[in-house]
Every structure is written in C-alpha cells, then in structure tokens.
Amino acid sequence: MLIRGNVWKYGDNINTDLIIPGKYLRTTDVSVFAEHAMEGIDKDFSPLTGDVIVAGKNFGCGSSREQAALALKHAKIGCVVARSFARIFFRNAINVGLPIVEADALDFVDKGDEIEVDLSAGLVITRTRVVQGSKLPKFLLEILADGGLVEYRKRHPRSAGPETADLQRV
Amino acid sequence: MVSSALDAQRTISEKILSNASGKPARANDFVLARVHAAMAHDGTSVLGVRAFEAMGASSVWDPDRIAIVFDHIAPASTEMAATLQKSIRSWTKRQGIANFFDVGEGICHQVVVEHGLALPGTLVVGADSHSCTYGALGAFATGVGATDIAEVFATGTLWFKVPETLKIVLSGKLRAHVSAKDVILKIVGTIGADGASYKALEVYGTTTADLSMEGRLTVSNMAIEVGAKAGIIPPDRKTFEYIERIQPQLSYTPCYADEDASYADELHVAVGELGPQIACPHEVDNVKAVEDVAGTPIDQVFVGSCTNGRLEDFKEVAAIVRGETVAVRTIVVPASKHVLLTCMRTGILETLIEAGATVCSPGCGPCLGAHNGVLGRGEACLSTSNRNFKGRMGADGLVYLASPATAAATALQGEIVDPRRI
C-alpha cells in the first residue's frame, strides 16, 4: 500500500483533545469529526487526500475516543507517521482503517513537503531521506487493507482473531 | 489455569494473559484472550454498537458480563446526545444487558468497581482510557476503542500484545494533606507522559500497602497518563475486605508475580518527604510542587472524576471547608450514586453546600468539557481530575490537576494554596 501526499508536521504528545475536542463527541456524524480535526492545535488544518501527518512521540495519547482516528481518516489523511503512538490510538487507527507507521521522520520533513509512505515495508520517503520505520504485522496490514476491523470481520467472519502462526512473526 | 511450572518467573500481566488465553504468554507475545467483563459508556457505546451491528453480529457473547454506563454527558445536554442515549438504552434492553446503568448511577469506573465486575486476577476491558483504574483490585484492566469493544461484545475475546512491566516501589509514610493523587502526579512528572508506553505497571511498597482502596484506585486510574496499558496493585487483605464489603461472596483467584519475574525497569520513589503536587497546563507531566505555583488565580474548582470523586476525597474537602465559604465557584460531582448517598448520610454534602459548593449529578461532570462547568475564555480551573490538555475543559481554558486537599484550600482563597498552610 503506497500513500502519497504532503506533510502536516506536529511535535510530541499530540493528544486526543487536540485531535478532536470532547464537545464534538455528541454525534455519530463523521463529517463533524473531520471538520474539527486537529482544531485544538492547528486551525488551518485542511489536508488533501493522501496527506501525511508526521509527528513526534506518543501521538494520540489521552482518551480512548475512536473519533480521533475517525476524524483524521475522514479529514482525508492518508497516513500518520510518528516516533511512537499511544497504544489505544494505535489500535483504534488500525480498527478504523487509518494507516499508521512508527518511524523517526520528524527531522527530515517540513510542513507541505511531498512525502511517500510504503505501508507494507514500513518505509517513509521524505524529500531528503528514506526512513525505515517498524513494519506492521501481517494481520494488522490485512485489517488496514480491508479498510478496518468491521470490513475485515465481514470478509473473515470465522476467524476470531489473528492466527498464532502470523503472530509469531511479529 | 496454566500449570504452575509454566508460571515461573512471570509478571502479573503475563500470568493473567496466560490464564485468559490458555497458553503460556511472555512479554511481547501476541495472544487471543477471553475477557472476564467489558464496559462501554455513552461516549463510546454509540460507535461500539454501530460497529457491532456493522460486523453482522446479532447477539452479544454474554449479556451478564457487559456493563453499559451513562456518565459522560449524563443527563444529556443536547437533543442529539439524548437521542443517541435513547438508541443505546433500547439496544441494552434488546440484548438483555444485565449491567445497564442509566443517568445518575455514576462514572463507569466507579460503578464497575462497586458492582464487583472487576476482580483480582481477571482480564477486563473498557471502552474508556481510564479502564486501567481496576488494576487497583489486582485485575489486568485496559482501555480500548469502540471497534475493539464491538469485537469483544460479539466474541468475548480480543487480541493483546503482552506488555512488559515497569515495577514501581513506593516507600515512606505520607505526610498530612499529601495523598495518593500527589504520589501519582509525582510519578507522572518523573517518568513523563510516555514513560511507560505500551507497558504495564506493578505498584509495590510500604506506601502502597498503607493506601486505602480509594487511594489505590486513584493511583491505578492515572496509569494511562504515563502511557501504561495497565496499572496493577497486587491484591492484599485490604483488597479482599473491600470487595467483601461492596459485593459479598464473589469468587475469584488473585494473581501475583513471581519473585524472580522479569521487569523492563524498576522505579523506586520515596514519598516520605513529598509535598502536594500539581500538574500545570497543558500537559499532565508538567508537574510542580504546589508551593511553587501558590498564589496563581483560579476561577473554578472541580472536585470529582474517576480519579478523585470518592467518599474519602469529599471527606477531605469537607474537613477543610467546614464552616468557611468558598471564594470561587466550586463544582462537586460524586463518582457514583453510592458515593452521593454516603456523602448525604454522613453530612458531608451539607457541609459542602453550606460552604458554597454546587453539586451536580453523579457522572464525569466537567472533566471532559462537555457540560456542568465548562470554562470560559481564559479561565483557570483547579481540578481533581486526570487531564489538563489544551481545550479539554473549554477551548481557551487552563486546567491545573491536584489533590482534593489542594482543591479545597484553593477554593477557599480563589488562588492556588498549599493545603499544609491552612
């Protein structure tokens, strides 16, 4: 899976209240989440399809609100690249089909730069450098390829979870 | 149970996840585990139920092991929120969910504990990041998102990466007006907001043993604020007596780490000299000594939340404000109906209201900035809750996190006050 777009650059500890403030949780309308995505930190956030957020450590820390991952996905973000992710956000992103890569690319990008992410290889290609991030395990890539856990479940109704053999490869 | 030979040298997380998955699990293994109980609230159940139905699931795996609690925006503040709650209410009825707690019952984490749904040695998941609270009872409890909880509702199982464990040892006797909140704030300030990312905490030491169960719940509650997956306190006699008191005759098997269990790291914190701590805007790990920011003007004080909304907390506040009048608006939200009733019966509520506090119905209150005390532009709030992120309690508000004692002292002066000075 290849993602191409431009960079939106942020620092460490981008928390879920910055990504989508709690007052917008009173709805199930994903367009509301998308409209207010990153409102807490960047009023000018207006990504085009495939744009990539590049951030520091602990991206998505705070609340378990899945609306944070949904907000970015429906704001057309193609991938989030961060030094590290908070674990609940990590799971939520996979589950809603928002590609993520753990990679240390922050120092090699500026806002607006063109960027390419090879999700299966865990590669982040910036204007100046190719950064090797962590590769996602196969079963998580499959969930992402299907567009999230709900779609994955529809296609694989019988498997209750990742196969053990696959897990051993992680 | 996995045989004891295989249990050698295991942490509590490794043991609980081994038992729940039926195979010996080590840190960094992935397992498919069966959960003991699962929880969602009004903020997460809407997306959870939607995902559950979209997956094609028709009935939940076990209606007796699921708790749905309305606490985040409860009673509903908008027509939209009320309509969403209406849909969840009827879903719980259709599914026969035994543990449905409607408006006014309390905060999900307090309700789960009071109703004995999280027990020593069990694996519990909740669609809320502060589900790690139940670690105070010796459970492996962790927060997940809405789609994960849908998976659990449908199958009773979920995949987990077995976390490495950070062992924390607390020693020393806490001084007057210094409490569990100050201890956990000190830890957050020391190791930082991602200091235990992906890891579980196991909290030991004489201080931990001395803490009340309520204090332990405060410590485990904030494990997520260092990025931890779980914040486990090994159960002891106090734990067992507490469970017996709230829900008699429940059966469970406590789980302990082996003495030679392997830890990712150890952190020793001496708290005997510790003074009151405060997390300043806008990061939970921006922790300072209260005396260093004393005098900072405050517009609102909030006492409540899943961190500090229990009886002991209100008792402490009442002792400080008794016979006095608060200088700023002070919002008090008991964590559950049970806490509210006990505060009523013991006269604590009367003391707080006479001192000028406003009492709201049990629930999350203003913690997440949805209702019951949202901040105006540029206003500052001293809160006993757990997050002070920019925008959390209002777009342009400042949130300071501290203990109930610091909150009470601050309420009386309208500026941040070290509770040891009153």
Side-chain angles (χ1 to χ4, degrees), chain A residues 12-13 15-18 20-30 39-41 57-59 61-70 83-97 137 139-140 143 148-154 157 159-164 166-168 170, chain B residues 23 28-32 43-44 46-48 50-51 54-57 72-73 76-78 80-81 84 126-131 142-148 150-151 154-155 157-159 161 163 192-194 197-198 224-225 227 229 283 285 367-370 374 387 389-393 395:
Chain A
D12 293 336
N13 299 318
N15 64 66
T16 50
D17 280 288
L18 297 176
I20 183 79
K23 62 184 170 189
Y24 300 119
L25 305 181
R26 286 174 274 207
T27 176
T28 52
D29 184 351
V30 291
E39 188 176 283
I41 188 169
K57 62 178 186 176
N58 207 23
F59 188 91
C61 61
S63 153
S64 71
R65 63 186 70 148
E66 203 162 286
Q67 289 91 337
L70 282 173
R83 257 182 205 136
S84 66
F85 291 91
R87 57 162 289 276
I88 304 178
F89 182 89
F90 183 94
R91 291 186 77 111
N92 287 346
I94 303 285
N95 286 343
V96 305
F139 78 96
L140 295 185
I143 295 175
L149 186 60
V150 169
E151 294 305 314
Y152 177 84
R153 265 287 152 266
K154 285 185 191 164
S159 108
E163 297 300 323
T164 313
D166 187 34
L167 297 176
Q168 298 310 323
V170 177
Chain B
K23 56 182 87 169
N28 298 316
D29 286 352
F30 281 74
V31 296
L32 183 67
T44 50
V46 174
L47 287 180
R50 195 187 241 203
M55 283 171 182
H72 270 52
I73 309 179
S77 62
T78 64
M80 172 69 87
L84 293 173
D128 186 276
S129 61
H130 290 106
S131 302
T142 195
V144 297
T147 305
D148 270 337
E151 176 90 349
T155 65
T157 60
L158 196 63
W159 67 267
K161 188 174 178 184
D194 68 340
S197 237
Y198 301 112
I224 181 69
E225 309 311 333
K229 191 164 186 167
E283 307 284 347
D285 58 4
C367 173
L368 72 154
V374 177
R387 288 197 180 122
F389 299 151
K390 189 165 183 289
R392 181 156 176 103
M393 290 178 76

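Below, chains carry the letters A, B, ... as their sequence lines are ordered, and counting in each starts from 1. Bear in mind that the values here come from a model prediction, so they are computed numbers and not experimental data.
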- prompt: Side chains of V150(A) and K154(A): does their closest heavy-atom pair fall under 4.5 Å?
  reply: yes
- prompt: Can you tell which of L25(A), T27(A), N13(A), T16(A) has the highest number of heavy-atom pairs within less than 4.5 Å of chain B?
  reply: T27(A)
field: Contact check, side chains of I94(A) and F139(A), non-hydrogen atoms, under 4.5 Å
entry: no
task: Heavy atoms only, distances under 4.5 angstrom: which of H72(B), M393(B), R387(B), M80(B) has the most pairs with chain A? Name it, please.
output: R387(B)
- prompt: With only heavy atoms counted, which part of E283(B) is less than 4.5 Å from chain A, the side chain, the backbone, both or neither?
  reply: side chain
query: With a 4.5 Å limit on heavy-atom distance, are the side chains of E66(A) and T44(B) in contact?
result: no
statement: Note: vs chain B, highest number of non-hydrogen pairs under 4.5 angstrom among R65(A), K23(A), Q67(A) is Q67(A)
- prompt: Side chain, backbone, both or neither: which part of L70(A) has an atom under 4.5 Å from a heavy atom of chain B?
  reply: side chain
Closest non-hydrogen atom pair between I88(A) and G145(B), with its separation: CG2-N, 4.1 Å
query: At a heavy-atom separation under 4.5 Å, does R392(B) approach chain A through its side chain, its backbone, both, or neither?
result: both
statement: With chain A, the option among V144(B), D285(B), I224(B), V374(B) that has the most non-hydrogen atom pairs under 4.5 Å is V144(B)
- prompt: Taking P21(A), G40(A), S63(A), C61(A) one by one, which has the highest count of heavy-atom pairs under 4.5 Å against chain B?
  reply: S63(A)
query: Where does N92(A) contact chain B at under 4.5 Å (heavy atoms): side chain, backbone, both or neither?
result: side chain
query: Of the non-hydrogen atoms in R91(A) and W159(B), which two are nearest, and what is the gap between them?
result: NH2-O, 2.6 Å
Short side-chain to backbone donor-acceptor contact, D12(A) and K57(A), under 3.5 Å: yes
task: Could you look at S77(B) and say if it's the side chain, the backbone, both or neither that has a heavy atom under 4.5 Å from chain A?
output: side chain
field: Heavy-atom pair count under 4.5 Å with chain B, highest-scoring of G62(A), S84(A), G148(A)
entry: G62(A)
- prompt: Is it true that a side-chain atom of K229(B) and a backbone atom of K161(B) form a donor plus acceptor pair closer than 3.5 Å?
  reply: yes
- prompt: Which atoms of A51(B) come close to chain A, meaning under 4.5 Å heavy atom to heavy atom: side chain ones, backbone ones, both, or neither?
  reply: both
CG-CD1 distance between N15(A) and I20(A), expressed to the nearest 0.5 angstrom: 12.5 Å
field: Most chain B-contacting option - heavy-atom pairs closer than 4.5 Å, from F85(A), F89(A), F90(A)
entry: F85(A)
- request: Answer whether the closest heavy-atom distance between the side chains of R83(A) and D194(B) falls below 4.5 Å.
  value: no
